[in-house]
Amino acid sequence: MHNLRKILEAILFYKSEPVTIAWLAKVTKREGSEINEALIELENTLAQSDGGIILVRTSDHVQLGTSPDAASTIEQITKDELSGELGKAGVEALSIILYQGPISRTKIDYIRGVNSQFTVRHLMVRGLIDRIPNPEDSRSYLYQPTIKLLTFMGLAKIEDLPDYEAIRTKLNAISIDNPDNN
Amino acid sequence: MHNLRKILEAILFYKSEPVTIAWLAKVTKREGSEINEALIELENTLAQSDGGIILVRTSDHVQLGTSPDAASTIEQITKDELSGELGKAGVEALSIILYQGPISRTKIDYIRGVNSQFTVRHLMVRGLIDRIPNPEDSRSYLYQPTIKLLTFMGLAKIEDLPDYEAIRTKLNAISIDNPDNN
Amino acid sequence: MNEFEIATEKFKGPIELLLELIESRKMHISDVSLSGVADKFLEHIEKLDELPVSDTANFIYVASILLLIKSKSLLPGLELEPEEQASIDDLERRLAIFKILKGQSSEINNLFGSSPIYSREESTQFNIVFAPPDRLEPKQVLDVMKQLLESMPKVEILEKKTVQKVISLEEMIDRLGTRMQSALKHSFKSFTKLEKEEKVTVIITFLAMLELVKRGVIEVKQHTRFDDIEMEVTNPGTPAYA
């Protein structure tokens, strides 16, 4: 088990891009559940050593990145630039996707009261969100934050968003008696 | 001091090539001796956690690398990356580059409606495309098919692609109206 | 408002607009506050000349619910259908959800790029080996390309599809006023039939009617709850409203 944690850390270091749990299982010839356990172990080890490297996770992707504490130093040596402002519509849509994702575009439109086609597409093009098939409707998709979005925001995981649980609870309480708005 | 160890680990993680102690001292605004001490500390922490990342030192250069224990897995991953199908994303990006190259990644992303950063990198590693500096933006590149790819596809020249002119005209008509401004 | 601004959604959506109107009055989301800001909301729509079709529908929909709420407050006899009540509840819920998420927007904006987590720098040294897939036919590439072109969003940016504004509010007030002068009684149903039964027309007609009620130009009667609403000029001598 310990060995798997070690191998995963090496793979993630080597790949330096978000990879799926499924892919990690494939290349290590292990079960997804084993991968998940080893990733938790890795997360803990990294947290314990309080070093410059952290594990960033979404529900299905994982990647290593630099600690936000080092951001100002890295900023000086990087040529990468954070591309452009988000814009009002972009922030609004991201707020919905971050706190309510995975979420369909119909529902994003419903909450915003405007057509979000271009905004959502634009966020996809920038790699800030991605989409997965909607289990309830094969013709549509659900949108969710990417690792790239989390890293831009300095978050190791979505739960680190300000007031994440509180906001989600509030939102669930409102939509609970509203079955027909997806 | 602990903080310097953290910052150095982040810098070394970020840089994909060996760096000198002097350079580290410069970017962290510290003395070379302090850097040396913090590197020893880092080396110890890494050894203690027995993870997949190790510190590699030569006489005056230093770099992070993967643990030898992971070498065979990583070698396998490298091989796998070079074989097999391109996947939907890969074929899409490649098609766009074939018909519209030299083309910026922004435009590839825009046409596909999703971010292609890792897909394009993969195509480069496989020698199917290469890149030239973008004359309009020194920080970015333009991507084009390699001669080897054309030969592999049985094309004497790019214009031999079916409907080359017609498709190109359509693609030329697509202009990206400052997509970051949304 | 130019086309580009439309495309990039620089205007406020109906939910956001409504929420701002309510909050500017320091009120909570309720029937009372919604009824209170209905006029302002409709005034605002009037100023929006060119909206993408899809969004116009959203504005009109919200407007129609506001009208329901307002008519209920003006015509106490008016009993709402269950679906009508449901759509009012739904609007209030949307406002509540939007309010919460909008509240988080500034946090998100502040976090974005403030102290990012960096991935490893992209290596400039590629160890390139020519490694093509098993096969890649020109025909396959063409098909993929065609599909991509096909699935590009049909750019609303370029088409200046604007609402055919069925009839403007002001016009309608004028017409209603004139009509009231010529015929003392007019039922709402027959009136809207005369004006082509487009949803928008009905809503705007209704709105105009309420506007006239408010200004004391006409009086509205509804005998029983499923009955037509009758309109009557309160003072036949009053010159047509302009």
Side-chain angles (χ1 to χ4, degrees), chain A residues 2-3 5-18 23 26-29 42 45-46 48-54 64-74 76-81 83-90 118-119 121-128 130-131 146 148, chain B residues 2-16 19 23-24 26-29 42 45-46 48-54 64-74 76-78 80-81 106-118 121-122 139 176 178-182:
Chain A
H2 142 253
N3 197 41
R5 189 254 296 165
K6 190 172 186 171
I7 301 284
L8 289 183
E9 189 178 23
I11 295 173
L12 292 174
F13 176 83
Y14 168 77
K15 279 298 280 187
S16 66
E17 65 183 50
W23 181 82
K26 201 187 86 188
V27 299
T28 56
K29 302 185 183 64
L42 174 59
T45 320
L46 289 171
Q48 244 164 44
S49 71
D50 189 25
I53 301 171
I54 60 166
L64 289 179
T66 59
S67 160
D69 296 345
S72 58
T73 313
I74 306 286
Q76 295 168 39
I77 59 173
T78 185
K79 285 171 225 96
D80 301 347
E81 280 181 64
S83 53
E85 289 288 302
L86 290 172
K88 193 181 83 67
F118 284 96
T119 307
R121 189 182 156 91
H122 180 68
L123 294 172
M124 290 259 296
V125 167
R126 285 180 66 175
L128 300 176
D130 62 13
R131 62 187 191 185
T146 58
K148 189 172 181 184
Chain B
H2 142 253
N3 196 42
L4 183 56
R5 189 255 296 166
K6 189 172 189 171
I7 300 288
L8 287 183
E9 188 179 22
I11 294 173
L12 293 174
F13 172 87
Y14 176 77
K15 292 298 284 184
S16 50
V19 297
W23 181 82
L24 287 172
K26 201 187 86 191
V27 298
T28 55
K29 300 182 186 69
L42 175 60
T45 323
L46 288 172
Q48 238 166 49
S49 70
D50 189 25
I53 299 171
I54 55 166
L64 288 181
T66 53
S67 155
D69 294 349
S72 62
T73 313
I74 287 176
Q76 189 57 47
I77 291 172
T78 315
D80 290 352
E81 273 175 347
T106 315
K107 189 158 182 183
I108 300 171
D109 293 346
Y110 185 78
I111 294 169
R112 289 191 60 220
V114 288
N115 194 272
S116 310
Q117 182 184 358
F118 306 118
R121 186 153 85 186
H122 182 75
R139 290 160 311 175
I176 312 166
N178 201 2
D180 283 345
N181 217 354
N182 187 327

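Each chain gets a letter, A, B and so on, in the order the sequences are listed, and its residues count up from 1.
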For the candidates B/Ala71, B/Gly113, B/Gly65, which exhibits the highest count of non-hydrogen atom pairs separated by less than 4.5 Å from chain A?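 Most heavy-atom pairs within the cutoff with chain A belong to B/Gly113.
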If every non-hydrogen atom of A/Ala10 is compared with every non-hydrogen atom of B/Ala70, which pair is closest and at what distance?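 Heavy-atom minimum between the residues: CB-CB, 3.3 Å.
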List the atom of B/Val27, the atom of A/Thr73, and the distance in Å for their closest heavy-atom pair.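 The answer is O-CG2, 4.1 Å.
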Using a 3.5 Å distance criterion without hydrogens, assess whether the side chain of A/Arg121 forms a donor-acceptor pair with backbone atoms of B/Tyr110.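 Yes; at least one donor-acceptor contact below 3.5 Å.
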Quick one: are [X] and [Y] in side-chain contact, heavy atoms under 4.5 Å?
X: A/Glu17; Y: B/His122; result: no
X: A/Glu9; Y: B/Thr66; result: no
X: B/Asn115; Y: A/Val125; result: no

Can you say whether [X] sits under 4.5 Å from chain B via the side chain, the backbone, both, or neither, judging by heavy atoms?
X: A/Lys26; answer: neither
X: A/Gln76; answer: side chain
X: A/Ile74; answer: side chain

From B/Ser16 OG over to A/Tyr14 OH, what is the distance, rounded to the nearest 0.5 angstrom?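 Going from the OG atom of B/Ser16 to the OH atom of A/Tyr14 covers 12.5 Å.
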Atom CD1 in A/Ile53, atom OG in B/Ser49: separation rounded to 0.5 Å?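 One gets 9.0 Å once the value is rounded to the nearest 0.5 Å.
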Under 4.5 Å from a heavy atom of chain A, the part of [X] involved:
X: B/Thr78; result: both
X: B/Ile11; result: both
X: B/Gln48; result: neither

Go through the steps for A/Lys6 and B/Ser67 under the test side chain to side chain contact (heavy atoms under 4.5 Å, CB included), then give the verdict. CA-CA 8 Å; A/Lys6 190 172 186 171; B/Ser67 155; 3.4 Å; yes
Below 4.5 Å, heavy-atom pairs only: which of A/Thr45, A/Thr146, A/Leu42, A/Leu64 has the largest tally toward chain B?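 Of the candidates given, the most pairs with chain B belong to A/Leu64.
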Using the rule given for side chain to side chain contact (heavy atoms under 4.5 Å, CB included), can you reason through A/Trp23 versus B/Ile77, listing the C-alpha separation, both sets of side-chain angles and the distance that settles it, and then say yes or no? CA-CA 10 Å; A/Trp23 181 82; B/Ile77 291 172; 3.8 Å; yes
